[in-house]
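Structure, as structure tokens:
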4 protein chains.
Amino acid sequence: MTEDSAKQRILRAAEALFAESGFEATPTSRIAERAGVPKGLVHYYFRRKSDLLAALVAELPDARIEPAVVVVPGDLAGSLRGLVVELDRRFNRSLALSHLLWREADTHRAVRDALADRFQQLVRQVQAVIVAATGGKIAAADVDSASGLLARALSHRHATARHNDDEEDPAQIEREVLFIAEALTRGQ
Amino acid sequence: MTEDSAKQRILRAAEALFAESGFEATPTSRIAERAGVPKGLVHYYFRRKSDLLAALVAELPDARIEPAVVVVPGDLAGSLRGLVVELDRRFNRSLALSHLLWREADTHRAVRDALADRFQQLVRQVQAVIVAATGGKIAAADVDSASGLLARALSHRHATARHNDDEEDPAQIEREVLFIAEALTRGQ
Amino acid sequence: MTEDSAKQRILRAAEALFAESGFEATPTSRIAERAGVPKGLVHYYFRRKSDLLAALVAELPDARIEPAVVVVPGDLAGSLRGLVVELDRRFNRSLALSHLLWREADTHRAVRDALADRFQQLVRQVQAVIVAATGGKIAAADVDSASGLLARALSHRHATARHNDDEEDPAQIEREVLFIAEALTRGQ
Amino acid sequence: MTEDSAKQRILRAAEALFAESGFEATPTSRIAERAGVPKGLVHYYFRRKSDLLAALVAELPDARIEPAVVVVPGDLAGSLRGLVVELDRRFNRSLALSHLLWREADTHRAVRDALADRFQQLVRQVQAVIVAATGGKIAAADVDSASGLLARALSHRHATARHNDDEEDPAQIEREVLFIAEALTRGQ
DNA sequence: AATGAATGAGACTTCATTCAT
DNA sequence: AATGAATGAAGTCTCATTCAT
């Protein structure tokens, strides 16, 4: 399944090393070393070092989740929790990737744009789930605020994934989801 | 106020360039150039390049705000808005700084720790304002969720300050604050 | 025989320059220049400057001479002279090398150890020749004193090879050898 | 007695550090540090770094020993032993100095000349003692060989003082002195 | 297709020396 | 007389990239 071609091994090594030390601080020679390939091969497949970053961006998984998959009509809290679980599942493999792209967004426009896109996608995803789970009875302004807050919280969590090695209460996000769900529905 | 000593000029140049291109990608020679000082002087004041980063970390403004300054008893929304405004005012000068430290947190433990500290400080700050503005009548769990959410949203906004060239809707955070305030108080 | 590869040219240039000016005072750039290779190539073959020294140490010729080659049974003076001549012949090419290693022994343990080894080898060599030439009839204490003295004299001569520009009397060592030989045998 | 002026402290620090790491590898800043004086003062007293070396050379103790002090007429072995003991006593304080000058002789002519002088002085000293102790009855050629050998052995011992930290049998030189004395007198 | 030798620009850093005070 | 801030030349070493094979 996961190809073990030399090219793939190079990409995986680059991903790991960029995540560990950052793009600039990672020599291509070390990528070759970690991938177990001759130094020349890295530049044979990826002429410039930045091509490696471009290839990693292209690998970002799609965040588009079919609302039907996670929505339980009438149960907003459950639906949002389902969304979070599904997102985590899908991004879990690429947490390091998310984080490293985050870091390099400043200096590489392609990376920056890809991340901005993904954040917008995330916001709309949350909105869609809220609307679908509540039958569209919530005021648009509240839907926007809630989805903005939740998207930010999720994004922040991914971006800082590497910082907080240990800490970070795993139930924390759960409670925040519940808080938002109740805030949105209590008024009804 | 803002000293114009050579040392200060070096620090400001480093801050700007690190923010633009990242720590690794910024040569000390360019820092000297931008500061208008000879190359040797940079290393005279900051032996190692990383000492520049350490000096910038030490400059981070204190996020501790006296609750009394922003709290309007009975008006939670107003109080939180006041807090956000005050924080923005205080951090405005150092937005670039926040962002660059955020970027370099992975590879420099001192930076990572300073940022983690500041995030905790932020969470407690929000908690304190909520409690003070509502007279402590809100359930602890809700206070935690709300302050976690808001702290993350604020932190995320600072961290991404540089990404969204096309500026963010300034009213967005305002609406999110209101949403949280209402969520906390509507139940009362 | 003497390879003319770039690597060899670098080593020869390093040897000559270290001998002329010492290890610390010789820039790698000058080594490259003298060897007629680009600056980068020096560090391609020898990552650190000290690796050049290590490579030179490894080149030291073996001082182990088969006693049979120089010993004339019954003729101690002739045997010792034969040993000296053979040693000189063998070390002649590396006189500069001996001298520079001598200089750098303080600061580079590998060099120091190599030289200490070689001195011990030299002492045993002289002992072996004395014993073989005299049929083992000399008192052990005298053999030790004589070989210690001669080894030191030889070693001193190599070590100071570069100091005495105004060459040393070449017959001097010859006479000293004779003196020792007679001292050992006169008593018999 | 031993002045503790700043200038003296600088010289002592330079001596120690040059001995430890060599002239080139010792920064003047470290000399100042070890001497406990401000950096500027080193260059105030010794404008160039090499002036420090020159000052150290000028400090070399005189090796000229009045033969009468050590000679016991008729006892050559005792006389030579007396000479060695007296030389050791006198040079003991400056062993490190001898050694470091020896090291730097290649690159600093003034140092080289001073050392060559001292070696000649040493040879003549040994000759004088031999002649005085034996009443001048030894053949000139033998006196030359013997004094050459002994001077070299002594010089070698000083030059290598720092190499052989531990080893080096202290009775070794004693036995070698005895060996030479007997060689010279046995024939009589 | 694949490789590793080779290159040279440029990074960080050290340091002797000067100079204003 | 004494100091430490300031300078810039030069040193070691790293690295992306090219190229011949």
Side-chain angles (χ1 to χ4, degrees), chain A residues 5-7 10 14 23-33 36-53, chain B residues 5-7 9-10 14 21 23-33 35-52, chain C residues 5-7 9-10 14 21 23-33 35-52, chain D residues 5-7 10 14 23-33 36-53:
Chain A
S5 66
K7 195 171 177 182
I10 291 170
F23 177 78
E24 288 288 347
T26 301
T28 53
S29 63
R30 195 140 40 186
I31 295 174
E33 195 184 333
V37 302
K39 198 161 79 74
L41 200 58
V42 173
H43 286 93
Y44 178 67
Y45 283 128
F46 306 93
R47 188 176 269 274
R48 329 248 90 154
K49 194 182 169 186
S50 62
D51 294 342
L52 278 164
L53 209 49
Chain B
S5 65
K7 194 172 177 181
R9 286 213 310 284
I10 291 169
S21 327
F23 177 79
E24 289 288 349
T26 301
T28 52
S29 61
R30 195 141 41 188
I31 295 173
E33 194 184 336
V37 301
K39 199 155 62 82
L41 199 57
V42 172
H43 289 95
Y44 176 68
Y45 283 124
F46 305 93
R47 190 79 100 104
R48 329 233 75 115
K49 193 183 171 186
S50 64
D51 292 341
L52 278 164
Chain C
S5 65
K7 194 173 178 181
R9 286 212 312 283
I10 291 169
S21 325
F23 177 79
E24 288 288 349
T26 302
T28 53
S29 62
R30 196 141 42 189
I31 296 174
E33 194 184 336
V37 302
K39 198 156 61 83
L41 200 57
V42 172
H43 289 96
Y44 176 69
Y45 283 124
F46 305 93
R47 190 78 101 102
R48 328 233 76 114
K49 193 182 170 188
S50 64
D51 292 342
L52 278 164
Chain D
S5 65
K7 194 171 178 182
I10 290 170
F23 177 79
E24 289 288 346
T26 301
T28 54
S29 62
R30 193 141 40 184
I31 295 173
E33 194 184 335
V37 303
K39 198 161 78 75
L41 200 58
V42 172
H43 287 92
Y44 178 67
Y45 283 127
F46 307 92
R47 189 178 269 274
R48 329 248 91 154
K49 194 182 169 188
S50 62
D51 294 342
L52 278 164
L53 209 48

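Predicted model, so just to flag it, every value in this text is computed and none were measured. Letters A, B, ... mirror the listed sequences (proteins, then strands); counts begin at 1.
- Taking CZ of C:R9 as the reference point, atom CD1 of C:I31 lies at 14.0 Å (rounded to 0.5 Å).
- Map D:K49 and B:G40 each onto its nearest nucleotide of DNA chain E; the residue landing nearer the 5' end is B:G40.
- In this structure, A:L52 atom CG and F:dT17 atom P are separated by 10 Å, rounded to whole Å.
- Applying the Watson-Crick and G-U wobble criteria (two distances, each under 3.5 Å), F:dA20 pairs with E:dT3.
- Each of B:R47 and C:L41 was assigned the nucleotide of DNA chain E with the nearest heavy atom; the assignment lying further toward the 5' end belongs to C:L41.
- Put simply, NE2 on D:H43 and CG on D:D51 are 9.0 Å apart, with the number rounded to the nearest 0.5 Å.
- In this structure, D:E33 atom CD and E:dA16 atom C1' are separated by 16 Å, rounded to whole Å.
- Of the side-chain N and O atoms in B:S29, none sit less than 4.0 angstrom from OP1 or OP2 of E:dG10.
- Two residues, B:P38 and C:H43, neighbour DNA chain F, and the one matched to the more 5' nucleotide by heavy-atom proximity is B:P38.
- Contact check for D:K7 versus D:I10: no side-chain heavy atoms found under the 4.5 Å cut-off.
- Within the 4.5 Å cutoff, no side-chain heavy atoms of A:F23 are placed close to those of B:E24.
- Under 4.0 angstrom from either OP1 or OP2 of F:dT14 there lies no side-chain N or O belonging to C:Y44.
- Within the 4.0 Å cut-off from OP1 or OP2 of F:dC13, at least one side-chain nitrogen or oxygen of C:R48 is found.
- Taking 3.5 Å as the limit, the base of F:dG11 and the side chain of C:K39 contain no donor-acceptor pair of atoms between them.
- When the side-chain nitrogen and oxygen atoms of A:Y45 are compared with OP1 and OP2 of E:dA2, one or more of them lie within a distance under 4.0 Å.
- E:dA6 atom C1' lies 13 Å from atom CZ of C:R9, rounded to whole Å.
- Taken to the nearest 0.5 Å, the CD atom of C:E33 stands 11.5 Å off from the NZ atom of C:K39.
- Within 4.0 Å of D:T26, counting heavy atoms only, lie sugar-phosphate atoms of the nucleic acid but no base atom.
- Of the side-chain N and O atoms in B:R30, none sit less than 4.0 angstrom from OP1 or OP2 of E:dA11.
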